[in-house]
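Here's the structure, in structure tokens; my notes come after.
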Amino acid sequence: MANDYTLIGSLYAGNPSTSNWSIERRFTSNGDQNRIGIDYDVLDVETETDVDFMMSLYRNSNPDYFLGSWIIKPMIDILVHYMGYPRITSDDKNLEKDLNQNYSDRRSAFNQLMKELSLFGEEYVLVSYDSDFENCNLKPRNKNFILETKYDDYNNPDDITYVKIKEVVESRTASGNSENVIFIKTYWKTINPKYAEAVKKGFIPDGLERFDYWYKVEKKVSEKGNLEVLVPKSPNPYKCIPVIPMHQNRFSTDANGYSDASGLVRLCGVYHQVFESMIDTNIYNGKPTMVFSGLTNAEKFVSSTYGEINPETGDVTSFGSYELFGSYYLEGNARAEYLQVGNSYIEGAKEILRLLFYIFVQTGEVPEWAYGAHIDGTWASTKMQSTPLIQKIESKRLDINDAMMKLNRVMAKILEVNHDNEYSTYRTGLEWSEPLPEDREYILSCIDKIIPLDVLTNEKILELLDIVDDPKAEIAKREKEKKKEQTEQNKLNQ
């Protein structure tokens, strides 16, 4: 009676004598490789605040995360969109006008600043004067551009007293080759000796500056090039350090800020693992697989059909004698049939991915509808789902409030020097729009009910509708038009 050996092997098209032919092992013997998240236990502060690493997630180019990090870019872009732009207020109306015009002209730079701050958790703004636009240029710079910083007050690392920052400019040589020219700009402040002497005497005259401000500019070609001094130590006419640090998601014990995506990094890794495993399983099970049963001598069958095989590695050490691969000589009760593989694993993986997506939504504080999924037809329902998003946006705005005040102050000083004017104050305020747009359908329905009551002026109705910039001027203009129309009608009636 034949022994009932069962053999499972992959059926490949082609001749087994070719070097490309091999037998794959279906399952791994290493149990640790099947444990979800093993590759992501090593994540630490340095990893989650690394600029290049976070950039690879945003661009979805990291090979260990790309099946899960696809959510990072839309999440960051959505948060920046609802962050909006501030309106600057000040008791000095000239300053208010100049700053608002400056931010209007630099919307692209402000958008880049908010995007990098959201992605990296900390960002620096280099402010300079642009003579072409006749206003301040805002240059967002991540921490890779910051070579050195110093502080007087280590309890307040935002109060920079010394900063060295690099700017990389690609240029073309005479031969047509490209090279990076690196400009290193250093800004710092020192105690004014006269001020220090006045403090010792116990009397500080009015107008005596506490600090002296300095800057210098150096240049080198490539990272390893020699430094060339372009501007030696010189007085800074703006009397400020034009580099403002911004941080978000930072506690008092943190040395740096954190990305809005920092809580999603491990989830992206797990999502990638589950998705990749599901794809690999689907591809493997999609190959035609034969099951041989009832073999009297399995080893002889394998050696004559497939060749000699290393049982530990699955590698073919010598090929079989069959010229036509896919033909099998079966004896006695032996038989062959295709292996039928169920989809239970695929369905289970899909459920896990669906659950992970909802964890993404909760952790990232961006609702489903913002991603374009499960959009409800009623605005009220949408607004109810948006509470975490509103809270997140308000928190982000508060995180940068102090830095924005400092940025406005630096811009004001630079504008004063270049425009040869003087502001009465540097104090400013920020007004942000509501994170979510108003439900205009609801407003229109309310106004439609109120108009018959005749309790609102036309000016107030136009303000509520927010369809004209100056309601009062618009009403006056319309009154003139009505008088003109009436006059023309009277002429026709005569």
Side-chain angles (χ1 to χ4, degrees), residues 80-117 123-141 158-160 163 165 167 185 187 189 206-207 209-215 217 231 234-247 393 396-435 463 466 468-473:
V80 172
H81 170 77
Y82 286 102
M83 186 76 176
Y85 300 89
R87 180 182 177 275
I88 311 302
T89 61
S90 175
D91 291 338
D92 189 315
K93 297 307 174 184
N94 288 327
L95 175 61
E96 179 180 303
K97 177 184 176 183
D98 291 345
L99 289 180
N100 280 312
Q101 184 61 51
N102 208 136
Y103 279 111
S104 178
D105 292 341
R106 301 295 175 180
R107 284 206 164 198
S108 295
F110 188 80
N111 183 75
Q112 181 187 349
L113 170 62
M114 292 297 102
K115 182 176 294 187
E116 294 192 14
L117 177 63
E123 190 76 356
Y124 295 80
V125 190
L126 173 61
V127 188
S128 60
Y129 186 75
D130 189 327
S131 56
D132 292 331
F133 280 85
E134 296 185 341
N135 62 17
C136 292
N137 192 12
L138 307 180
K139 299 179 180 179
R141 294 290 182 265
D158 291 340
D159 186 17
I160 293 178
V163 60
I165 186 171
E167 293 194 75
K185 300 179 180 180
Y187 302 91
K189 63 182 180 180
D206 292 339
E209 297 285 349
R210 181 181 179 184
F211 295 104
D212 288 330
Y213 291 87
W214 310 91
Y215 81 104
V217 181
V231 180
S234 305
N236 185 345
Y238 302 138
K239 296 183 179 180
C240 63
I241 295 180
V243 179
I244 297 89
M246 289 188 173
H247 304 276
I393 296 300
K396 287 170 62 66
R397 290 172 176 178
L398 288 174
D399 280 345
I400 66 170
N401 185 79
D402 295 353
M404 288 293 298
M405 298 296 103
K406 189 171 292 186
L407 175 59
N408 291 342
R409 188 181 184 89
V410 169
M411 291 170 63
K413 289 187 174 184
I414 293 176
L415 291 173
E416 272 189 333
V417 172
N418 288 279
H419 292 179
D420 195 23
N421 60 9
E422 185 175 348
Y423 299 117
S424 60
T425 180
Y426 295 136
R427 294 180 64 86
T428 58
L430 299 177
E431 288 185 356
W432 300 88
S433 60
E434 289 294 324
E463 286 180 1
D466 192 26
V468 295
D469 295 331
D470 189 344
K472 186 178 292 186

Among D402, V125, T428, side chain to side chain contact (heavy atoms under 4.5 Å, CB included) partner for L407 = V125
message = A side-chain contact here means heavy atoms from C-beta on lying under 4.5 Å apart; do Y213 and I241 qualify?
response = yes
ask   = Hey, does N102 have a side-chain heavy atom less than 4.5 Å from the side chain of L415?
value = yes
Listed partners of S424 passing side-chain hydrogen bond (donor to acceptor under 3.5 Å, both in side chains), at least two apart = D92
request  = Please report the shortest heavy-atom distance between C136 and V127, naming the atom on each side.
outcome  = CB-CG1, 3.9 Å
message = Does any part of the side chain of L117, heavy atoms only, come nearer than 4.5 Å to the side chain of P140, both counted from C-beta?
response = no
request  = Please list, chain by chain and in numerical order, all residues satisfying ring pair (Phe, Tyr, Trp, His ring centres under 6.0 Å) with H419, sequence neighbours excluded.
outcome  = Y129
query = How far does CG of N100 sit from CG of D105, to the nearest 0.5 angstrom?
reply = 11.0 Å
task = Applying side-chain hydrogen bond (donor to acceptor under 3.5 Å, both in side chains), name anything that partners E116, two or more places apart in sequence or on another chain.
result = Q112
request  = Would you give the length of the straight line joining atom CD of Q101 to atom CD1 of I88, rounded to the nearest 0.5 angstrom?
outcome  = 12.5 Å
Results of side chain to side chain contact (heavy atoms under 4.5 Å, CB included) for K413 - residues two or more places apart only = C240, R409, Y426
key: Whether over 12 other heavy atoms sit under 6.0 Å from D91 CG   = no
Min side-chain heavy-atom separation M405-L430 under 4.5 Å = yes
request  = Measure the NZ-CE distance between K396 and M83 for me, rounded to the nearest 0.5 Å.
outcome  = 5.5 Å
request  = Mind checking side-chain hydrogen bond (donor to acceptor under 3.5 Å, both in side chains) for W214 and listing every partner two or more places apart, or none if nothing turns up?
outcome  = T190
ask   = Looking only at heavy atoms, which two atoms of M404 and P86 are closest? And how far apart?
value = CE-CG, 4.0 Å
task = Using a 4.5 Å cut-off on heavy atoms from C-beta on, say whether the side chain of D212 contacts that of P235.
result = no
note = Contacts of Y103 meeting ring pair (Phe, Tyr, Trp, His ring centres under 6.0 Å) (sequence neighbours excluded), chain-then-number -> F110
message = Checking E167 now: which residues fulfil side chain to side chain contact (heavy atoms under 4.5 Å, CB included) with it, not counting sequence neighbours?
response = L126, K139, R141, K185
ask   = Do Y423 and D98 have side-chain heavy atoms sitting under 4.5 Å apart?
value = yes
remark   = Correct closest heavy-atom pair for I244 and A403 would be CG2-O, 3.7 Å
ask   = Are the side chains of N421 and N94 in touch, meaning some heavy atoms are under 4.5 Å apart?
value = no
key: For V410 against P242, the heavy-atom pair lying closest together   = CG1-CA, 3.9 Å
note = CD1 of I400 to CE of M114, rounded to nearest 0.5 Å, is 4.0 Å
query = Should L113 and M246 count as side-chain neighbours, where that means a heavy-atom distance under 4.5 Å?
reply = yes
remark   = Across all chains, not counting sequence neighbours, the side chain to side chain contact (heavy atoms under 4.5 Å, CB included) partners of K97 are none
key: Exercise: identify the closest heavy-atom pair between G84 and W432   = O-CZ3, 3.7 Å
message = By the salt bridge (Lys or Arg N to Asp or Glu O under 4.0 Å) test, which pairs, at least two apart or in different chains, include something from residues 419-430?
response = none
ask   = Of all residues at least two apart in sequence or in a different chain, which pass the salt bridge (Lys or Arg N to Asp or Glu O under 4.0 Å) check with K93?
value = E96
inquiry  = Measuring from atom OG of S128 to atom CD1 of I414, what distance do you get when rounded to the nearest 0.5 angstrom?
reply    = 7.0 Å
inquiry  = E416: which residues meet the salt bridge (Lys or Arg N to Asp or Glu O under 4.0 Å) condition with it, sequence neighbours left out?
reply    = none
task = Mind checking the OH-CD1 spacing from Y124 to I165? Nearest 0.5 Å is all I need.
result = 9.0 Å
request  = List in chain and number order the residues that pass side chain to side chain contact (heavy atoms under 4.5 Å, CB included) with D130, two or more places apart in sequence or in another chain; answer none if no residue qualifies.
outcome  = R106, D132, F133, N135, N137
